[in-house]
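Labels below follow one simple rule: chain letters A, B, ... track the order of the sequence lines, proteins then strands, and each chain is numbered from 1. Please read these numbers as outputs of a predicted model, since none were measured by experiment.
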Number of protein chains: 2
Amino acid sequence: MAVTIKDVAKQAGVSPATVSRVIADNPRISSKTKVKVREVMEGLGYYPNFQARNLVAKKSQTLGVVMENSATLAFQNPFFPEVLRGISTRAHGSQYGLYLSTGATQEEIYSEVVEMAQGRRVDGIILLYSKIGDPVMEYLSKSGLPFSVVGRPFKDPCSISYVDNDNINNTKETVEYLIGLGHRHIAFVGGAVDFVVSLDRLEGYKQTLAQHGIPFDEAYTANQELMGGNEREAIRRLMALEVPPTAIVTHDDMVAYEVIGYLEDLKIQVPEDVSIIGFNNHAISRHLKPPLSTVDISIYDLGLHAAELVLEKITDESVPPKQVIVSSRLIERGSCRRL
Amino acid sequence: MAVTIKDVAKQAGVSPATVSRVIADNPRISSKTKVKVREVMEGLGYYPNFQARNLVAKKSQTLGVVMENSATLAFQNPFFPEVLRGISTRAHGSQYGLYLSTGATQEEIYSEVVEMAQGRRVDGIILLYSKIGDPVMEYLSKSGLPFSVVGRPFKDPCSISYVDNDNINNTKETVEYLIGLGHRHIAFVGGAVDFVVSLDRLEGYKQTLAQHGIPFDEAYTANQELMGGNEREAIRRLMALEVPPTAIVTHDDMVAYEVIGYLEDLKIQVPEDVSIIGFNNHAISRHLKPPLSTVDISIYDLGLHAAELVLEKITDESVPPKQVIVSSRLIERGSCRRL
DNA sequence: CTGAAAGCGCTTACAG
DNA sequence: CTGAAAGCGCTTACAG
C-alpha cells in the first residue's frame, strides 16, 4: 500500500541502502545519485515510516508531555496552552514531536508514563507540575529516561533538571508590595497543598510577615483542601474574622477573580475595602474589572526551557542536571490600594 | 539494554512467539504457560516496544491532534484544555495516545500533518478548527486517513465526519434574545473571517435581523481582520456611530470582557448603556463583573465526539461520514438589560 | 561511491 | 498448545 524504501530503490535502480543514505543526506553518496533518488521519492510520494526508522534508531523523536488533566478552575486557564506553545516551539525547532499523556487520575498518569518510557514511545518527558511525594517523579528519577520538570522538585532538586520561577521571592515581593501600601492583615489563598509551588508561595508569605514582625495566623490562609470545593464559604469565613484582612494574595488570576466575585456578593469592594493581587498574568486580566495587579511568571519561557532541558539530556546523557530560574515580574494595576 | 521478548522467552523456557501470544492473551495458550510467562515478564520488568509492535501491526495506536498554535487572546482561553480533556477521555478509553502538532504557521502545520499521515505516526487525525480553503483539510480528504473535524467543513461537509454546534441557530437564539429585550441596534464582533464558525455566527445574526425587519448594516460588525490588532479603536468607532448599538454580540467570552474594558474606558457602562453577550461560557465568566450572559457550547462534548468519530473510522473504514451536532445553551446572566 | 546482509523487537500464518 | 520462519520498513557496519 504505502510507498516504501524498496519501491523507491527499484524505480531508481539503486539499493534500499542507498535510498536510506540519500534520506540521511549521507555525504558519501554522489550528488548525481541523490538527485535521481530524490526525484523518484518525489514522484512516488515517498515518506519514511517513523515506526521502522525509530525501531532501528532506538529513538522516537518524540517528547512526552505529562500534565494533570483536571477540570478545576485553576486548570481552566491559559497556563496550559501557553506553556505548550513554549514547548512546541523548542521541540519543533529540533524536529521533535509531542506526545501527550491522557490520564485523568494519578494512577492512570503513572501507568501511562511507565508505558511511554519502557515502550520507547518517547525519548524524554516533560512533567508539567511538581508535587510532593509524586510517584511519577520518583519513577522518572529511577528510570534513567531524560526528563525535565516545570516546577522545583520537592525531593533532591539538585539531581533533577527543572525550570521554575523563584516563587518564594516573587511572593515576598508581592507581600512586600502590599505591606508597602500599608497593609498589615494580609490573607493568602493558595493552591493545592501538595504542589511545591503552593509551599513556596506560602513560605514567601510567611517569611515576609516575619521580617516585618507581623505574626503568622493560619486563619488568614486558605488553600484548595481547606476550601474543599466551597470557595465561597471560605471567603465568607475569612471576611468574618474579628479583624478581617485588608488584602488578599491569590495564587492565580482566575482564582483572584473568583474571590472578587464572592467578595462583591458580600458587598465588599475591591480595591476600596480589600486589595487583591493574583499570579500568572492572564492576557485578559488587564481588561477586567478591576484590572488585576498580578505577577507575570513568563509561562512561555517556562515551556521553552523545559523543552530545552530535556532535549539537552537526550542529546548528551552525561550533562549534569541543570536548574533554570525564569524571571517573574510584579505588575501593578488597579486592584490594590494604599491604606 | 531494555528487556525484550527474547529475554522473557529464554527465561521462561518458551519461544518468543509464545511470549507474544501471552501478551495478546491468545486463548490458544495454556493458562499454565501464561502464568509462568507473566511471572517472568513481571520479574524482568518487561514492557513491549511500541515501535516494533506498531511496525508489524501497521498502526500506531495514536491520534494526531492538530490545532492552531497562536498567542492571540481567543486562543488564550480554556477552549483548548477543555476540548483536549474530552478527546483524552475518549482516546484513553480505547488505549489511544495523543500526538500533538507543534507547527506555528499554516505551512508548518501542513507539512507536519503530511508527515504524521504518510509516516504512519498516527492512525487518525482530529482537526481542531475548520477554515475556508484550508489545505490541511483538503489534504486529509484526499489522503484516505481517518479524520474528524471540530467545526463544520466549508466544502462538502457531508463527506466529512465532524462535530459542531448549530452555530447559525445558537446565534439566532442569542440575537432573538436581545431583540426580545427591546434591542434594535445590535452589533456583532466576530472572529477571524476565514473560520467557518465565524461565517455561521454572522449568518445567524443576519438572518435574525432580516426576520425582524431590521436592516443589516456592515458598520455594526467587526471581526479580527477589520480590527487588525486594534480592538480598542474598532470599539471606539462602533460607539461613535450616529446611532450607536445598544447591544453587542461577541464570539468569545474573553473577547467580550476585552470589549467591556474598552467600553468602560469610554465611560460606557455594561449593561446600563450597552448589553453584551458572549460565547463559550468560560468557567470564570459567572464570577466576573458583570456576570456575562453567554452561550455554553459544550466544549468537552465537542472533544469527546471528535475522538469518537475518528476512532469509529479507524475501526471500520467503511462507515459513512457522520455529523454530530452538540447542543448549546443560552445562559442568562447580568450583562444584558431590557430596554 | 554503492550493495548485500544482518538486525531493530515484535507478530502471525504455517506446521506440527 | 507451541515453535520456526518470515517479514514489518528501515539503518548501518562490513566489503568491495
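Distances were taken from every side-chain heavy atom of A/T33 (C-beta onward) to each of D/dC1, C/dC1, D/dC8; the shortest belongs to C/dC1. The A/R28 side chain lies nearest to C/dT2 when the options are D/dG9, D/dC1, C/dT2. Among the nucleotides C/dG9, C/dA4, C/dC1, the one closest to any side-chain atom of B/T4 is C/dG9. If you check C/dC1, D/dG3, D/dT2 against the side chain of B/S30, the one that comes closest is D/dT2. Distance from the side chain of B/L55 is smallest for C/dG9 among the nucleotides C/dG9, C/dT2, D/dT11.
Note: CZ (B/R53) to P (C/dC8) measures 19 Å, nearest angstrom. Between A/K36 atom NZ and C/dT2 atom P there is a gap of 10 Å when expressed in whole angstrom units. Rounded to whole angstrom, the span from the CD1 atom of B/I5 across to the C1' atom of C/dC8 amounts to 13 Å. Separating the CG atom of B/N49 from the P atom of D/dC10 is a distance of 17 Å, rounded to the nearest angstrom. Distance CD (B/Q51) to P (C/dT11): 14 Å, rounded to an integer number of Å. Distance CD1 (A/I23) to P (D/dC10): 7 Å, rounded to an integer number of Å. Between A/D7 atom CG and D/dC10 atom C1' there is a gap of 13 Å when expressed in whole angstrom units. Spacing between atom NZ of B/K32 and atom C1' of D/dT2 amounts to 13 Å, rounded to whole angstrom units.
Taking both residues in full, the closest heavy atoms of B/K313 and B/P321 are given as NZ-N, 3.9 Å, listed atom of the first, atom of the second, then distance. Closest of all the heavy-atom pairs between B/D123 and B/Y96 is OD2-CE2, 3.5 Å.
Note on A/Y46: a side-chain N or O is less than 4.0 Å away from OP1 or OP2 of D/dC10. Remark: B/T18 is in phosphate contact with D/dG3, judged by side-chain N or O atoms under 4.0 Å from OP1 or OP2. Neither OP1 nor OP2 of C/dC10 sits under 4.0 Å from any side-chain N or O of B/K6.
In this structure, B/Y110 and B/Y139 have perpendicular ring planes: the angle between them is above 60°, well past the 30° mark.
Along DNA chain D, the nucleotide closest to B/A57 and the one closest to B/A17 are compared, and the more 5′ of them pairs with B/A17.
Without hydrogens or angle criteria, A/Q51 side chain to B/K59 main chain gives a donor-acceptor distance under 3.5 Å. A donor-acceptor contact shorter than 3.5 Å is absent between the side chain of A/T33 and the backbone of A/I29.
Checked by distance alone, B/R21 brings a side-chain donor or acceptor within 3.5 Å of a matching partner on the base of D/dG3.
In this structure, A/V19 reaches neither bases nor backbone, as no heavy-atom distance under 4.0 Å exists between it and the strands shown.
The partner of C/dG3 is D/dC14, judged by Watson-Crick or G-U wobble contacts that both fall below 3.5 Å.
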